[in-house]
Amino acid sequence: MKFRTFAMFVGPSVVMMLMFIAFPLVTVLLNSFQVTQPVFQVVETETCTPGFITQTCTTEIKTIPVLDGDGKTVTTTRWVGFSSYANVLGGERLTRALSDFDLGAVLQIDFWKALRFTLTFTLVTLPLVLGLGLAIAVVVNNAATAVKGPVIFISLLPFIITPVIGALSIRWLFYGDGIVTVWLEALFDTNLSVAANGWAIEFLMMFYRVWHVAPFAFVIFYAGLQTVNQDTLESAIIDGASRWERLRYVVIPHLMPLIVFITLIHLMDAYRAFEEVIGFSSESYRITLQYLTYDYLTPDDAGNRQISSASASAMLTMIGVVVLLAAPLRRTWRDHRGA
């Protein structure tokens, strides 16, 4: 009886939660297959100059949006299938580039340019975040008790700072007459312009991501180090294992579930990077898939937004996240079944 009561209470709650999660996704999916555009009409307008005898009138043909009774623009929605996806992927430009085996032309298309940088940004920063986070955790774990508190506090500061503010802080060190740029110019006796070099901007964006996210990995690893079996470590020391061997064969295998967890979080977060593009003003050189979606949603001069293309871009981004997460999730599932 208690189980039935619990099921009757939990069942509708689970359904409501799934509907709450699925509704935005279904909406975006539907928007990617249809295009909503305002309805326009061609009208003839006559404009006359002031005056009676010398009055001059001109006739113009204008295209204006159709308004309903409430003064709102009338729109029409039509089903376009996968046309929005084709437009986002490059359409005829992509076909020509592939037929000519021109990789450079492919990377000139916004989607593929964003995909190249997003993948590089995600996969390069991942091992750096894991390595730096583990290194900080090991150092803090072996530090004297008196200094652990201040070291932990200082290590967490990059993660506490608001992402955009953190990105702007790094930017101000290198852009224009930033402190680091002035030092480098004095050291090498040359003029530097970091903001005019795409690869330099890309390096700074990756540096910022590692600097900002490594403290999160440090906290997780530090908590995991508290659960390492001390008897196993002492046995390894007695057997003559070096510090590196103890880390490799005892500590890292023990932390492997946490490594997979941090990997999952980082892949999802870095693949959806957005703050870096805004903070470093890299739109002219480097963009991410998330920024590309935002760009489609930005109104043009006429106030129109490419909602269908933005929805298609968002769905492609989600597919990319799923593909990236497949490997670590598969490992997690295999380890779970083995246990």
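Since the structure is predicted, the reported quantities are computational estimates derived from the model, not experimental observations. No hydrogens, no waters, no symmetry mates; every other heavy atom, side chains included, goes into these values.
Smallest separation of non-hydrogen atoms from G133 and A217: CA-CB, 4.0 Å. Nearest heavy-atom pair, L297 versus R305, reported as atom, atom and distance to 0.1 Å: O-CD, 2.8 Å. A pairwise comparison of heavy atoms in G224 and L258 identifies CA-CD1, 3.6 Å as the closest pair. What you find for A97 and V106 is that their closest heavy atoms are CB-CG2, 3.6 Å. Counting all heavy atoms, side chain and backbone alike, P257 lies closest to P253 at CD-O, 4.2 Å. E275 and P163 make their closest contact through CG-CB, 3.7 Å (heavy atoms, listed as atom of the first residue, atom of the second, distance).
Between T122 and T118, the closest side-chain pair of non-hydrogen atoms falls below 4.5 Å. At least one side-chain heavy atom of L225 sits less than 4.5 Å from a side-chain heavy atom of L255. Between P158 and P215 there is a side-chain heavy-atom pair separated by less than 4.5 Å. With a 4.5 Å cut-off on side-chain heavy atoms, M206 and T120 count as touching. Side-chain contact check for L233 versus Q230: some heavy-atom pair is nearer than 4.5 Å. Residues I259 and I252 have side chains in contact (heavy-atom distance under 4.5 Å, counting atoms from C-beta outward).
Ring-plane geometry between W211 and Y208 is classed as tilted, the angle between the planes lying from 30 to 60 degrees on a 0 to 90 degree scale. Aromatic ring orientation, F33 versus Y85: tilted (interplanar angle from 30° to 60°).
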### Task
Evaluate side-chain contact (heavy atoms from CB on, under 4.5 Å) for M318 paired with V28, printing each intermediate quantity in order.
CA-CA 11 Å; M318 189 190 69; V28 173; over 6 Å; no
#### Entry: Evaluation steps, side-chain contact (heavy atoms from CB on, under 4.5 Å), between M205 and F117
CA-CA 11 Å; M205 295 168 75; F117 172 70; 3.6 Å; yes
### Verdict with supporting geometry, S282 and E276, side-chain contact (heavy atoms from CB on, under 4.5 Å)
CA-CA 8 Å; S282 65; E276 286 81 358; over 6 Å; no
### Pair L316-L115, side-chain contact (heavy atoms from CB on, under 4.5 Å): steps then yes or no
CA-CA 10 Å; L316 291 172; L115 179 63; over 6 Å; no
### Task
Decide yes or no on salt bridge (Lys or Arg N to Asp or Glu O under 4.0 Å) for D269 and R209, but give the supporting numbers first.
CA-CA 10 Å; D269 193 43; R209 170 62 62 157; 2.8 Å; yes
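Transitive grouping of hydrophobic side chains (ILVMFWY, heavy atoms separated by less than 4.5 Å) keeps V139 and L247 in distinct clusters. Note: the hydrophobic cluster containing I278 also contains F203 (ILVMFWY, side chain heavy atoms under 4.5 Å, direct or indirect links). L119 and M268 fall within a single hydrophobic cluster, where Ile, Leu, Val, Met, Phe, Trp and Tyr are joined by side-chain heavy atoms under 4.5 Å apart, directly or via other members. By the criterion of side-chain heavy atoms lying less than 4.5 angstrom apart, applied directly or through intervening Ile, Leu, Val, Met, Phe, Trp or Tyr residues, L173 is grouped together with Y175 in one hydrophobic cluster. One hydrophobic cluster holds both V228 and W244 under the rule that ILVMFWY side chains link at heavy-atom gaps under 4.5 Å.
Residue pairs that meet the ring-ring contact (aromatic ring centres under 6.0 Å, His included) test with at least one member in residues 122-170, sequence neighbours left out, are F159-H212, F159-F216.
From L126, atom CG reaches atom CD1 of I265 across 12.0 Å, with rounding to the nearest 0.5 Å. The distance from the CG atom of L29 to the OG atom of S311 is 9.0 Å, given to the nearest 0.5 Å. Between the CZ atom in F207 and the CZ atom in F174 there is a gap of 6.0 Å [rounded to 0.5 Å]. If you take CD1 on I109 and CG on L89, they are separated by 8.5 Å, rounding to the nearest 0.5 Å. Of the inter-residue distances, the one linking L123 atom CG with L324 atom CG reads 6.0 Å to the nearest 0.5 angstrom. Rounded to the nearest 0.5 angstrom, S313 OG and Q306 CD are separated by 10.5 Å.
Inspection of the R272 and T288 side chains reveals no N or O donor paired with an N or O acceptor under 3.5 Å. For the residue pair Q226/N141, the side-chain donor-acceptor check at 3.5 Å is satisfied. If you check the side chains of S84 and S308, you find a donor sitting under 3.5 Å from an acceptor.
No side-chain donor-acceptor contact under 3.5 Å links D239 to the backbone of A241. Between the side chain of D295 and the backbone N or O of Y291, no donor-acceptor pair lies under 3.5 Å. R171 places no side-chain N or O within donor-acceptor distance of the main-chain N or O of F280, the cut-off being under 3.5 Å. Using a distance-only test at 3.5 Å, with no hydrogens or angles considered, no donor-acceptor pair links the side chain of S281 to the main chain of V277. Proximity of a side-chain donor or acceptor of D100 to a complementary backbone N or O of D102 within less than 3.5 Å is not detected. Looking at T162, its side chain never comes within 3.5 Å of a backbone N or O of I165 through a donor-acceptor pair.
Atom CZ of R116 is surrounded by more than 12 heavy atoms from other residues, nucleotides or ligands within 6.0 Å. Around CG of L187, the count of heavy atoms belonging to other residues, nucleotides or ligands within 6.0 Å exceeds 12.
The salt bridge (Lys or Arg N to Asp or Glu O under 4.0 Å) check on D110 picks up K113, with sequence neighbours excluded.
In this structure, the ring of F221 has its center no less than 6.0 angstrom from the ring center of F218.
Cation-pi geometry between R93 and W112 is not met at under 6.0 angstrom from the ring centre and within 45 degrees of the axis.
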